[in-house]
Amino acid sequence: ADPKLFELVYKTKYDLMRLFRVLNVSQESKKWVADPKNRMCDAPGSWYCVGQYPPALTKLIEKRRSFSQVEDFNKKGEKTAYTRMVEKNRNHKEL
């Protein structure tokens, strides 16, 4: 990840998951996120609000590919190549 845009804040023991802090967020995006009218809550004044992204990220979000869950029991068929690789590496490191 570009160190000018992201800061690594956490990674798991075997580096299977990493969390990054986004750097250089514009004041316009911060202001948009802080505005209560941009929250999608299940009821007015509710504590449960589904997150949404600022309009500045629309182009990026349109390009994204959704991930399937690793343990999606409703999914039919064989495990993905990625899942098999992760399991193989995990089992190898435990030995």
Side-chain angles (χ1 to χ4, degrees):
D2 185 342
K4 295 177 187 171
L5 301 175
F6 302 99
E7 173 189 1
L8 179 64
V9 292
Y10 176 80
K11 70 177 185 173
T12 58
K13 183 177 178 180
Y14 295 116
D15 206 21
L16 297 177
M17 182 179 74
R18 294 175 283 168
L19 299 177
F20 291 88
R21 175 177 291 119
V22 178
L23 305 175
N24 302 321
V25 177
S26 73
Q27 288 300 331
E28 181 183 1
S29 286
K30 288 181 181 183
K31 187 176 177 181
W32 187 90
V33 169
D35 188 343
K37 73 178 182 182
N38 294 320
R39 296 189 184 130
M40 298 171 56
C41 301
D42 63 344
S46 173
W47 61 270
Y48 180 75
C49 302
V50 178
Q52 63 177 353
Y53 296 99
L57 296 176
T58 302
K59 286 183 183 180
L60 180 67
I61 291 169
E62 287 172 351
K63 293 181 186 179
R64 74 180 169 191
R65 276 189 357 218
S66 295
F67 292 97
S68 61
Q69 286 185 257
V70 174
E71 295 180 358
D72 187 352
F73 299 109
N74 296 318
K75 187 176 177 181
K76 303 283 188 251
E78 198 173 313
K79 293 179 181 179
T80 65
Y82 174 78
T83 302
R84 289 191 306 269
M85 179 195 72
V86 168
E87 290 175 349
K88 178 182 173 187
N89 289 341
R90 182 180 55 213
N91 292 337
H92 178 69
K93 289 179 182 180
E94 291 175 358
L95 298 177

At what distance, to the nearest 0.5 angstrom, does NZ of Lys63 lie from CD1 of Ile61? 12.0 Å
Out of curiosity, Trp47 CH2 to Asp42 CG, how far, rounded to the nearest 0.5 Å? 7.5 Å
At their closest point, which heavy atom of [X] faces which heavy atom of [Y], and how far apart are they?
X: Leu8; Y: Leu19; answer: CD1-O, 3.5 Å
X: Met40; Y: Gln52; answer: SD-OE1, 3.0 Å
X: Thr58; Y: Pro55; answer: OG1-O, 2.8 Å
X: Ser46; Y: Cys49; answer: O-SG, 3.7 Å

Would you say [atom1] of [X] has more than 12 non-hydrogen atoms from neighbouring residues, nucleotides or ligands within 6.0 angstrom?
X: Phe20; atom1: CZ; value: yes
X: Arg21; atom1: CZ; value: no
X: Glu28; atom1: CD; value: no
X: Arg18; atom1: CZ; value: no

Given 3.5 Å as the limit, does a donor-acceptor pair link the side chain of Glu7 with the main chain of Leu23, or not? no
Between [X] and [Y], is there shared hydrophobic-cluster membership here, with clusters defined by ILVMFWY side-chain heavy atoms closer than 4.5 Å?
X: Met85; Y: Tyr14; answer: yes
X: Val9; Y: Met17; answer: yes
X: Leu5; Y: Val25; answer: yes

